[in-house]
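Before any comments, here is the structure.
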Amino acid sequence: MARTNRRWERAPVAFKDLRAFLKKIEAADTLVRVKKEVDFDQEISAAIIKAGAAALFCEKVKGYDIPVVANLFADRRKIELALALQTKNPIEEYLKRLEKLKPPRLVRDGPVKENIVTGNKLDIPAALPIPVVNEKDGGRYISSGIIVAKDPEYGYNLALHRLQIKGKNRAGIYMSELQHLHLYYKRAEERNEPLEIAVVIGCDPSLYLASVVTGPPDLDEYAVAGALRGAPVETVKCKTVDLMAPAHAEIVLEGKILPHKREPEGPFGEFSKYYGPQGNRPVVEFTALCHRDRPLYQTIYLGRRQRDNVFLTSLPKAADLYRAAKEVAPEVKDVYLTPGGCGRYHAVISMKKMFEGEPKLVLSVVLAHRIGVKHAIVVDEDIDIYDPHEVEWAMATRFQFDRDSFFLNDTPIHLDPSSAFKRKTGLLTSKLGMDATLPLDVAYPQVCDVSKEVMKKVEDNWQRYLEG
Ligand SMILES: Cc1cc2nc3c(=O)[nH]c(=O)nc-3n(C[C@H](O)[C@H](O)[C@H](O)COP(=O)(O)O)c2cc1C
Ligand SMILES: [Mn+2]
């Protein structure tokens, strides 16, 4: 963070909208076009899974004239493209950009206002190709809607929250208690007021990345998106709620989360790769549907074979943990939220330990973080944290369970299926911190390898070794 690199000062490419990002992916990566008509009921999900890491463009969805795009965050390459990353140190570059928050710029008009439907004419499930994501989901779900909301004290918040379609202008919403939207909603409910929202579906990728950042409640994710893209997000005033929406979004739904109202919501196939159970949850009433001419519907697949969800969240969330960890231990080098841990439950941190016990401070802040890490492991900087075999080796050879681990019981977590089976404490979970760093004060057996010189000699002359 302290290091400066002039190249970072150059403004990154700011994609104006989803269409510009799609063009970039088509030119610099892979975009698969599905021309055959697909059904919204799981067939879009199956095509997403089949496309693997390639971005997907479903040209025709049965019963709709709006194409569906997906997999825009399906691997690290696309995150690099989305942010136009210029160095090999994405976390540092990301945090460097975040130092200059850029508030949104309100403009008078924008393409999202090309079509506006309100009142009795509103029929959202008839208008939009909203998918059934997994087989046993409770219904059709918007999984890619960025919820824009405002609190009188904390200001704007943008975050992804699933919406279960319940009628022409109604939806159920899931807000984990750990999220800011839940805080905003509870505060509005205490005032006996609805919480106005705008739901953004399909937009410039910086808004999606900003919507999964985990800062303090007064952090304006619009300003985070501006910082990431190097230019303010252009916004327009909404038609039926007192909020701003991105001017270049494909689709924006306006509405409010009703106070003191709960209805069954779920089940829904979640990032944990299990169905999250049905529960009594708040209800959204929509008041307007705004969209561009010939809009694109962007979706995100969550489930057993998900990719988007893990890669979209990995950089912002790893950077949040990196920053928190570095505050207690300046020589923290890198943080990785592993795909096996669903991009959230398992964190691996590498550091140069300066004194004994320091890794436990790092583990404490990582486990305490709202992100919801369940198992965290600190390793020395010689371990490649992106290689699970290396991390396992550190655990196998540098770690003693009784001496080097500690746990926190009964802490809140997002949707951990195993927490439901704890008898007394319900959905609270146990968290484990593991320090797999080498001791500083004990002569430890040395890691065995051939000498650098001999290895280099053979590597540099390998062809001659083969030819004799
Ligand atoms: C595809 C996707 C769907 C998500 N759905 C939900 C959800 O339904 N409920 C929820 O509480 N968090 C959900 N999240 C997580 C939040 O969007 C994320 O943790 C965000 O950082 C919270 O923002 P906040 O820090 O402003 O509270 C989802 C994340 C992704 C990537
Ligand atoms: Mn927030």
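First listed ligand is number 1; within each ligand, the first listed atom is number 1.
Interface of Val212 with ligand 1, defined as ligand atoms under 4.0 Å from a residue heavy atom, comprises 20 (C), 21 (O), 31 (C). Of all atoms in ligand 1, numbered sequentially from 1 with element shown, those under 4.0 Å from a heavy atom of Ile300 are 1 (C). Distances below 4.0 Å separate heavy atoms of Arg344 from the following atoms of ligand 1: 15 (C), 19 (O). For ligand 1 and Met175, the ligand atoms under 4.0 Å from any heavy atom of the residue are 11 (O). Heavy-atom proximity to Ser143, at under 4.0 Å, picks out these atoms of ligand 1: 1 (C). The ligand atoms of ligand 1 that sit less than 4.0 angstrom from a heavy atom of Asn157 are 26 (O).
Counting only heavy atoms of the protein, atom 12 (N) of ligand 1 lies nearest to Gln179 NE2, 3.1 Å. Protein heavy atom at the shortest distance from atom 8 (O) of ligand 1 is Arg162 N, 2.8 Å. Among all non-hydrogen protein atoms, the one lying nearest atom 10 (C) of ligand 1 is His161 ND1, 3.3 Å. Lys317 NZ, 3.6 Å is the protein heavy atom nearest to atom 18 (C) of ligand 1. Atom 25 (O) of ligand 1 has Arg370 NH2, 2.9 Å as its closest protein atom, hydrogens excluded (heavy atom only). Atom 23 (O) of ligand 1 has Ala159 CB, 3.3 Å as its closest protein atom, hydrogens excluded (heavy atom only). Asn309 OD1, 3.2 Å is the protein heavy atom nearest to atom 31 (C) of ligand 1. Nearest protein heavy-atom neighbour of atom 11 (O) of ligand 1: Ser176 N, 2.9 Å.
In this model, no donor atom of one side chain and acceptor atom of the other lie less than 3.5 Å apart for Arg370 and His414. With hydrogens and angles left out, the side-chain atoms of Ser430 and Lys374 include no donor and acceptor closer than 3.5 Å. No donor-acceptor contact under 3.5 angstrom links the side chains of Tyr174 and Gln164, judged on distance only. Of the N and O atoms on the side chains of His248 and Glu234, at least one donor lies less than 3.5 Å from an acceptor on the other residue.
Comparing Gly266, Gly215, Ser211, Pro217 by heavy-atom distance to atom 20 (C) of ligand 1, the nearest is Ser211. Closest heavy-atom approach to atom 3 (C) of ligand 1 among the candidates Thr313, Ile142, Leu160, Leu158: Leu160. Among Tyr208, Tyr174, Phe271, the residue whose heavy atom lies nearest to atom 9 (N) of ligand 1 is Tyr174.
Partners of Tyr274 under the ring pair (Phe, Tyr, Trp, His ring centres under 6.0 Å) rule, at least two apart in sequence or in another chain, do not exist in this structure.
Of the N or O atoms in Leu178, none lie within a sub-3.5 Å distance of an N or O in ligand 1. Between Glu221 and ligand 1, a contact under 3.5 Å exists for at least one N or O pair.
Shown here are the protein N/O/S atoms lying under 2.8 Å from the Mn ion (ligand 2), water excluded: Asn157 OD1, His180 ND1, Glu221 OE2.
In this structure, the ring of Tyr208 has its center less than 6.0 angstrom from the ring center of Phe73.
With a 4.5 Å cut-off on side-chain heavy atoms, Val378 and Met434 do not count as touching. With a 4.5 Å cut-off on side-chain heavy atoms, Asp17 and Phe21 do not count as touching.
Ring geometry, Tyr345 versus Phe271: the interplanar angle falls from 30° to 60°, so the pair is classed tilted.
No donor-acceptor pair under 3.5 Å is formed between the side chain of Arg191 and the backbone N or O of Glu193. A donor-acceptor contact shorter than 3.5 Å links the side chain of Tyr156 to the backbone of Met244. Within the 3.5 Å criterion, the main-chain N or O of Ser314 finds no donor-acceptor partner in the side chain of Tyr336.
Applying the side chain to side chain donor-acceptor pair (under 3.5 Å) test to every pair with at least one member in residues 251-266, sequence neighbours left out, gives these pairs: Tyr141-Glu265, Arg162-Glu265, Lys166-Glu263, Arg170-Glu263, Tyr185-Arg262, Glu189-Arg262, Asn192-His260, Thr240-Glu254, Glu265-Arg281. Annotation: side chain to side chain donor-acceptor pair (under 3.5 Å) contacts involving residues 123-135, sequence neighbours excluded, comprise Asn134-Tyr301.
Geometric assessment of Arg76 against the ring of Tyr386 yields a positive cation-pi assignment under the 6.0 Å and 45° thresholds.
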